[in-house]
Amino acid sequence: MPSLSRGIASVLRWPKLALDQVRAARARHRAWRRLFPAGQESQAEDLSIEEWADARRAAELIANSHRGYFSKFNSLTAEAQEIFEEQAWVQAALNAERRVRLYREAVDSTWHKMQRLFPERLLERRFWMAARRAFLERVFNDYEADLALTYFYSVMRLAFDQKDTPVEYADDGLAQQSHIWNPRPVWEVYEATPKQMSRSVIRMLRNCGFRARFENPEGDADLVTARLLDGWGRQIADSSPRHLRMLRPVFYRDREAYLVGELMSRRRKLPVVLALRHEEAGIRVDAVLTGKEDMRNILFISTRSTFHVHNDNYREVLTFLDTLAPERGHPAMCAVLGFTHPARVALNQRLRRHLRETGERFSRTPGRAGMAMVVFAPPSFPYVFKVIRDFSSKTGWTGRTRIMDLYRWVHEINRGRLMLDAWLYRNLDFPRRHFDDGVVQELLESAPNSVRIEGDRIILKHVYAQRRVQPLNTFFDETRDRALRERVIDALGTFIKDLAGMGFFVGDCYGLTFNTGLTHGFNVALFDFDDLGPLFRYRFRETPQLPTEQDEFLWNTEIDGAWFAVDEFDVLVDEWERFLGVPPDLRDYFRRRHGDLFTIGYWVDAQRRLAAGEFHYALPYPPERCLANRSARRPPPNQMRLV
């Protein structure tokens, strides 16, 4: 009888399997036709046998290079769990920086090989279109075909960069309309009624599969349950939670591991995140984040390193993340998973859709004009665009190459929630009608080597995209609320101290409020990097006194000059207070909160701690998000600051 039942079930399954196969075949056909619209097929037919052979060799080279890159990317990502278990924080930082550099290094290496193998064909567009077809024939049925195609275009872009010819930032729709999706859910569902939630949290923690032990999972589960129910009551309130739906992969960043998901009733959802830390006594839940604002302002931000997440099902994970913090946008979510170049592609697509749907134009951004950059954006777009000036009256100006090196360096380091990331685009092409006349005039006058007009098109040779923030000087000009003003000036002092704790200093401190901005989470972040440098470079001094009061009275600095020498990297801490940009009504408050910044002792001690290799721990969430009774176990204040 059992064999008969199995036989009947097998027969009944055959029609469904056949139908699934037909649907899959149709999806593949539609995806292929989107990649090769009518008319493109005939372009390749004119190639000779030799040209086709070269195109296939080029496609094979680029495909193998991408597989090698992606294998290294996944290998570094997979090490994150072991690093967390072994508390190897230095290695975590090294791996994070190494992983960011992998893409550029792989693309550059592939481009050099292409130059050696196909020197006569690299500027022939039909050669690249034939190589694209051969490339897609190789990768079309791979899950990561969308990532591979953006990689192909990155290599192609370097070829046409020699003549400043645009190559669109695109994946040809493969990311959004791929015919390959993983049918298995990327999440686990747990019971989350008030009676069941604590036991479900314990199961969730054990399902992480850590080899290191938890310190007190039962106690953590009770604290987490209380915090989740409190968050639900404050933010939802009109029903009771029933389930926890949590992503299976663990998110690793710096010293923390995060469990990401949502608390659900039948009709309502609340994003939730459990932040885990591993200390001497074991692994514990350190904090709980709830709600879209926590996701937007604390977790998924562009001022920190990217997450290391097991990514076999990255499209499904990204689809889930997009629902947790929709205000951040899909490009930002790609970036926080480490897919920075696909993030550029997604942002380019979002920008063009925004221009098309709103009718807005690129216009000057509010605030003071930058001395190093021309900055512009559609008024309601959440990113701004920056082109480096060819020349500037700024003191110490060394040209665009140095600034590009600085922006690349900041992109690759751990930004510690202190610096906004910036993405570089090459040869972006727009219709002239998308620009205000004032922006075009400023670009042509200040950055003629980075912009050109061809008919009704404008091509930007190098342009950076960066998350929009409100410059601090604009905030202070427009805000009269005393409590908010004090909160932000306090955040500026904390920013300066955290920057020093990480080993950095902004040399042009006199313009600090013009080069820093206020994020949605009321944190201060640096958005211009041309004056950023290592703290060890600077010597902190006080203004020496004249020998006698009579000498000081008679001395005229405009005629006689200064009575002491000041080197390029000298910082006079007593003079700095006058030029830092603190509004007059907040100076007394700032001095009470951060007066130690105007003493030599503070800066000498900061340099000493760095020289001794003391680790500067930056708490990635506000202290009030931490679970109860944890304050006694925190690092001392000089080693832990919220950034």
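Applying the ring pair (Phe, Tyr, Trp, His ring centres under 6.0 Å) criterion to F339, with sequence neighbours excluded, gives F73, Y314.
Using a 30° and 60° split on the angle between ring planes, F430 and F362 fall in the perpendicular class, above 60°. The aromatic rings of Y103 and Y151 sit perpendicular, their planes meeting at an angle over 60°, well past the 30° parallel limit. Using a 30° and 60° split on the angle between ring planes, F435 and F376 fall in the tilted class, from 30° to 60°. The aromatic rings of W409 and F504 sit perpendicular, their planes meeting at an angle over 60°, well past the 30° parallel limit. H66 and F70 have parallel rings, their planes meeting at less than 30° on a 0 to 90° scale where 60° marks the start of perpendicular.
Partner R352 forms a salt bridge (charged side-chain N to carboxylate O under 4.0 Å, His left out) with one of E357, E360, E168 and no other, that one being E168.
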Side-chain donor-acceptor contacts of residues 86-94 below 3.5 Å, not counting sequence neighbours, with atom names and distances?
residue : atom : partner : partner atom : Å
Q87     : NE2  : H278    : O            : 3.1
Q91     : NE2  : N95     : OD1          : 2.7

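In K461, the NZ atom is crowded: over 12 heavy atoms of neighbouring residues, nucleotides or ligands sit closer than 6.0 Å.
The cationic group of R467 lies under 6.0 Å from the six-membered ring centre of Y383 and within 45° of the ring axis, placing it in a cation-pi geometry. For the pair R315 and F320, the cation-pi test (distance below 6.0 Å, angle within 45°) is failed.
Listed for the R468 side chain is a donor-acceptor partner under 3.5 Å among the backbone atoms of F381. Judged purely by atom type and a 3.5 angstrom limit, R452 uses its side chain to pair as donor or acceptor with the backbone of D164.
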